[in-house]
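Data block below; observations after.
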Number of protein chains: 4
Amino acid sequence: MLDAAFEEFAAHGYAGAKMTAVAQRAGVAKGLVYHYYPSKEALFRAVMQACLEPVFAEAEREATDEDVPATVMLERLLDLAYAEREGQERQCILFRLIVAEGQRFPELSAWYEEAVFRRAVAIARAVLRHGARRGEFDAALAEQEGMAEVLLAPAIMNEVWRMMLGEGRAPSRAGMHAAQAALLARALAPGGMDARGGGRDAGGKEGNAACPATRRATSAP
Amino acid sequence: MLDAAFEEFAAHGYAGAKMTAVAQRAGVAKGLVYHYYPSKEALFRAVMQACLEPVFAEAEREATDEDVPATVMLERLLDLAYAEREGQERQCILFRLIVAEGQRFPELSAWYEEAVFRRAVAIARAVLRHGARRGEFDAALAEQEGMAEVLLAPAIMNEVWRMMLGEGRAPSRAGMHAAQAALLARALAPGGMDARGGGRDAGGKEGNAACPATRRATSAP
Amino acid sequence: MLDAAFEEFAAHGYAGAKMTAVAQRAGVAKGLVYHYYPSKEALFRAVMQACLEPVFAEAEREATDEDVPATVMLERLLDLAYAEREGQERQCILFRLIVAEGQRFPELSAWYEEAVFRRAVAIARAVLRHGARRGEFDAALAEQEGMAEVLLAPAIMNEVWRMMLGEGRAPSRAGMHAAQAALLARALAPGGMDARGGGRDAGGKEGNAACPATRRATSAP
Amino acid sequence: MLDAAFEEFAAHGYAGAKMTAVAQRAGVAKGLVYHYYPSKEALFRAVMQACLEPVFAEAEREATDEDVPATVMLERLLDLAYAEREGQERQCILFRLIVAEGQRFPELSAWYEEAVFRRAVAIARAVLRHGARRGEFDAALAEQEGMAEVLLAPAIMNEVWRMMLGEGRAPSRAGMHAAQAALLARALAPGGMDARGGGRDAGGKEGNAACPATRRATSAP
DNA sequence: TATGAATGAGACTTCATTCAT
DNA sequence: GATGAATGAAGTCTCATTCAT
């Protein structure tokens with residue numbers, strides 16, 4: 001029945017979903033839905049909880065194997081992030097519901113933060129720190145605040161775009177995957193800019209980039 | 001009146017918005033709303049169109065000044081992307097509405113693609129190409145497919161997280177901004193990895209990174 | 001279980017009572033209620049019957065002891081009528097249910113007439129006749145049609161007011177009791193008005209009082 | 001529309017009344033009822049208020065004409081109380097609704113007290129006091145606490161019985177009217193019991209009647 | 001006996017939409 | 001242009017009743 005409800009909410013959003021349709025999808029009478037869940041809102045919460053529970057349950061058994069080189073761990077992380085996973089559609093729908101109904105159901109945002117965001121950031125950070133300690137990554141860069149989020153963003157955004165634009169018009173997974181891998185390989189490699197030849201305006205770049213300007217603005221999300 | 005409608009749709013979504021409330025927000029009678037827009041759906045389309053029009057109109061006067069160094073252009077682009085802009089809340093709401101109602105109103109996705117996505121990618125790509133041509137960026141890397149999207153994703157994702165998690169719990173703009181700036185500075189600087197010491201696993205990294213594995217999956221969006 | 005049902009009907013009336021609530025009050029499952037009573041209506045009838053049965057059963061062992069002076073019998077009758085009796089709340093609830101549902105369940109009215117009204121009138125009438133025969137009461141007055149009802153009304157009405165207005169705002173039992181006792185003492189005492197001084201307007205009073213006018217009307221129940 | 005609602009509530013009680021039926025009785029669409037009254041409860045309150053308003057408004061222009069003998073005033077009061085008045089059915093229904101729903105809507109009881117009970121008692125008390133001052137009534141008796149209520153109760157109870165038992169089985173108005181008139185004529189006439197011949201056990205009667213006993217009780221309302 | 005899941009008609013209520021003014 | 005009374009389809013929710021266990 002929760003599956004039926006999930007499909008209905010996924011298809012029409014919270015306000016657009018009909019309890020009758022939920023019952024029909026589940027093949028039961030309207031009243032039975034109310035026998036188990038006292039209201040539409042309660043049903044929605046139950047559905048969301050059931051969807052997020054497994055994500056909660058899934059442990060952090062990742063990214064803690066000290067013997068693997070950090071470059072391999074990073075590679076695996078990207079593979080994972082860009083992978084076309086089973087159940088991914090469900091997660092995208094979940095994401096959409098959280099975006100759409102997060103204001104009406106604040107616990108959704110909290111759940112997302114706990115179950116997804118914090119966890120993903122923690123994993124990425126662990127990989128970066130691992131590389132920094134083993135000398136595989138430039139320590140200052142890898143452990144910089146915000147680097148884990150920057151690492152994760154492209155793969156997630158790829159999914160968001162895929163959801164918004166449709167499979168056909170979204171950027172390819174492989175393309176972004178390769179581009180980000182190449183970018184990270186060059187950027188994280190130790191030795192830094194002063195070890196290299198040119199580096200002419202390197203300092204200049206880094207200096208003012210860290211100071212987010214607040215000029216008149218325009219484009220964006 | 002479109003403003004009133006936008007607020008109502010923003011606050012409750014398409015299905016949850018009430019025509020009466022729109023009229024009240026606008027300070028007019030219900031009938032007058034129908035005098036201008038024949039139906040709720042038409043009103044919604046009009047609101048969305050009105051919101052996206054300025055984004056359309058805003059020209060591409062950026063990123064085409066050939067005399068500016070690419071590093072400066074990139075810096076400006078990041079400044080812009082991470083800036084806390086006036087009207088940003090409105091754009092976030094727009095983003096949310098597009099995510100939430102994109103299925104019901106396919107033109108919303110199309111609009112988003114035309115007005116925002118394509119344009120942003122084009123600008124990022126122009127900056128990268130500019131740097132590649134001037135020798136400021138590693139040409140192979142900067143012109144790699146998907147690099148523009150990787151460049152844009154963190155700033156956009158930062159806004160998405162901010163919208164989903166709230167101002168307090170989202171990653172800081174400044175942190176991600178600085179991290180990404182540092183990352184790009186090291187990665188894009190010409191000279192490449194072969195110029196440096198042990199390029200041992202560089203090829204390996206890039207090689208398999210480009211081939212997105214489909215192993216057991218876990219986290220993600 | 002009938003107790004539980006009585007409480008539920010008392011609390012919410014017939015239409016407002018829920019079978020589920022009855023079952024819960026009784027501490028049994030809903031199905032069991034239906035095992036004993038085929039429908040809500042049947043349950044209600046059973047409850048009412050069970051409530052009225054003891055009132056039926058309670059004998060007329062009163063008011064028939066010829067050796068007691070009528071004044072004492074009358075006194076006892078008033079004491080009884082104005083007494084704050086155990087189980088009185090239940091009877092008030094019963095009264096309320098009969099008033100409220102008497103139209104839907106005509107047998108309720110019939111029961112009330114048989115079990116309560118007729119019986120009470122008979123008792124009052126017996127006391128009055130007893131006094132008339134013994135010469136304690138003015139015979140013409142005591143045996144007048146309607147006198148028994150007039151005798152009973154104040155005590156009953158006192159309870160009705162108590163039920164409608166609440167304990168705090170209703171007229172006091174003691175006050176009405178004393179007033180009615182004093183009234184009856186003076187009125188019923190034999191000797192009559194012609195024995196006294198100016199019986200000028202006595203006949204006049206009684207004459208037109210027996211002819212209920214139908215003038216413009218105002219207050220009442 | 002309030003008329004239609006009154007009829008529906010009168011016919012089925014609060015819980016049994018259907019908004020659809022109200023609309024049909026009024027000859028309008030269901031939605032229009034909600035256009036004026038936000039809920040069933042609000043409609044019920046409005047109906048009750050509208051019914052009680054005129055009773056409120058009706059002034060106390062009665063019982064204050066000092067030139068009329070108190071016996072005539074009393075006679076008029078009884079005529080009025082026992083009269084078969086136009087609109088009486090409506091008042092009986094109102095009475096029934098107040099009894100039935102007084103628990104759910106405490107303001108009903110309050111209204112009844114203000115609009116009906118207090119007023120009626122005040123009028124009766126004024127008549128009694130008038131008679132006492134003019135010497136037409138025995139002052140001690142007429143001004144005794146609770147006498148006004150005892151005076152009013154029979155006529156009201158007559159209506160209550162009529163409502164509960166139906167026109168055919170209830171005691172006749174004329175009979176109770178005449179009996180009460182005769183009773184009052186004898187009781188209230190000044191001169192008192194000590195002025196008369198016998199009066200043997202008069203003192204005894206009054207003494208213990210004023211002390212309501214609390215013995216085991218049985219019958220009543 | 002005893003349970004409570006299951007049913008579905010029907011209740012209250014909402015709200016997009018119409019239309020006479 | 002502007003209003004808001006009026007409509008009625010449709011949604012959420014209730015609850016008497018049934019029935020397999």
Side-chain angles (χ1 to χ4, degrees), chain A residues 1 5 8 12-24 26-44, chain B residues 1 5 8-9 12 14-24 26-44, chain C residues 1 5 8-9 12 14-24 26-44, chain D residues 1 5 8 12-24 26-44:
Chain A
M1 201 157 86
E8 177 68 10
H12 303 101
Y14 176 78
K18 307 174 200 170
M19 296 300 270
T20 302
V22 170
Q24 275 171 345
V28 299
K30 212 183 341 176
L32 191 55
V33 180
Y34 283 94
H35 189 74
Y36 290 113
Y37 307 98
S39 69
K40 187 183 186 179
E41 190 177 322
L43 175 62
F44 184 71
Chain B
M1 200 157 87
E8 177 68 13
F9 284 122
H12 302 103
Y14 177 78
K18 305 175 201 168
M19 295 299 271
T20 301
V22 170
Q24 273 173 346
V28 299
K30 223 183 326 179
L32 194 53
V33 179
Y34 279 92
H35 187 76
Y36 290 113
Y37 307 97
S39 70
K40 186 183 186 180
E41 194 177 318
L43 175 62
F44 184 70
Chain C
M1 198 157 88
E8 178 68 12
F9 284 123
H12 302 103
Y14 176 78
K18 304 174 203 172
M19 296 300 271
T20 301
V22 170
Q24 272 172 348
V28 300
K30 222 185 325 179
L32 195 54
V33 180
Y34 279 92
H35 187 75
Y36 290 114
Y37 307 97
S39 70
K40 187 182 185 180
E41 191 177 320
L43 175 62
F44 184 70
Chain D
M1 200 158 86
E8 177 68 12
H12 303 101
Y14 176 77
K18 305 174 201 171
M19 295 300 270
T20 301
V22 170
Q24 274 171 348
V28 299
K30 216 183 333 176
L32 191 55
V33 181
Y34 282 93
H35 189 75
Y36 290 113
Y37 308 97
S39 69
K40 187 182 186 179
E41 191 177 320
L43 175 62
F44 184 71

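Just so it is clear, the structure is predicted and the values come from calculations on it, not from any experiment. Residue numbers begin at 1 in each chain, while the letters A, B, ... track the order of the sequences.
- If you check residues 12-23 of chain A against DNA chain E, you find no residue with a heavy atom closer than 4.0 Å.
- Taking every heavy atom of both residues into account, C:Lys30 and C:Thr20 meet most closely at CD-OG1, 3.5 Å.
- A heavy atom closer than 4.0 Å to some atom of DNA chain E occurs in D:Ser39, D:Lys40, these being the qualifying members of residues 37-44 of chain D.
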Which string of ( ) [ ] | and . matches DNA chain E, if you list each base 5' to 3' and count Watson-Crick or G-U pairs only when both distances are under 3.5 Å? .||||||||||||||||||||

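- Using cut-offs of 30° and 60° for the angle between ring planes, the A:Tyr14 and A:Phe44 rings count as perpendicular.
- In this structure, C:Gln24 places its CD atom 13 Å from C1' of F:dC15, rounding to the nearest Å.
- Under the side chain to side chain contact (heavy atoms under 4.5 Å, CB included) test applied with D:Leu43, the options D:Tyr37, D:Tyr34, D:Tyr36 reduce to a single match, D:Tyr37.
- What separates OH of D:Tyr36 from C1' of F:dT7 is a distance of 12 Å, to the nearest Å.
- Distance NE2 (D:His35) to P (E:dT17): 18 Å, rounded to an integer number of Å.
- One can find a donor-acceptor pair under 3.5 Å joining the base of E:dT13 and the side-chain atoms of D:Lys30.
- Here F:dA9 presents its C1' atom at 16 Å from CG of D:Leu32, a figure rounded to the nearest Å.
- For F:dC15, neither phosphate oxygen OP1 nor OP2 lies less than 4.0 angstrom from any side-chain nitrogen or oxygen of A:Tyr34.
- Residue order along DNA chain F, read from the 5' end via each residue's closest nucleotide, puts B:Val28 first among B:Val28 and D:Val33.
- Taking only side-chain atoms of C:Ala29, from C-beta outward, the nucleotide of E:dG4, F:dT3, E:dT7 with the closest atom is E:dG4.
- Of the possible polar contacts, none joining the C:Lys18 side chain to the C:Glu8 backbone as a donor-acceptor pair under 3.5 Å is found.
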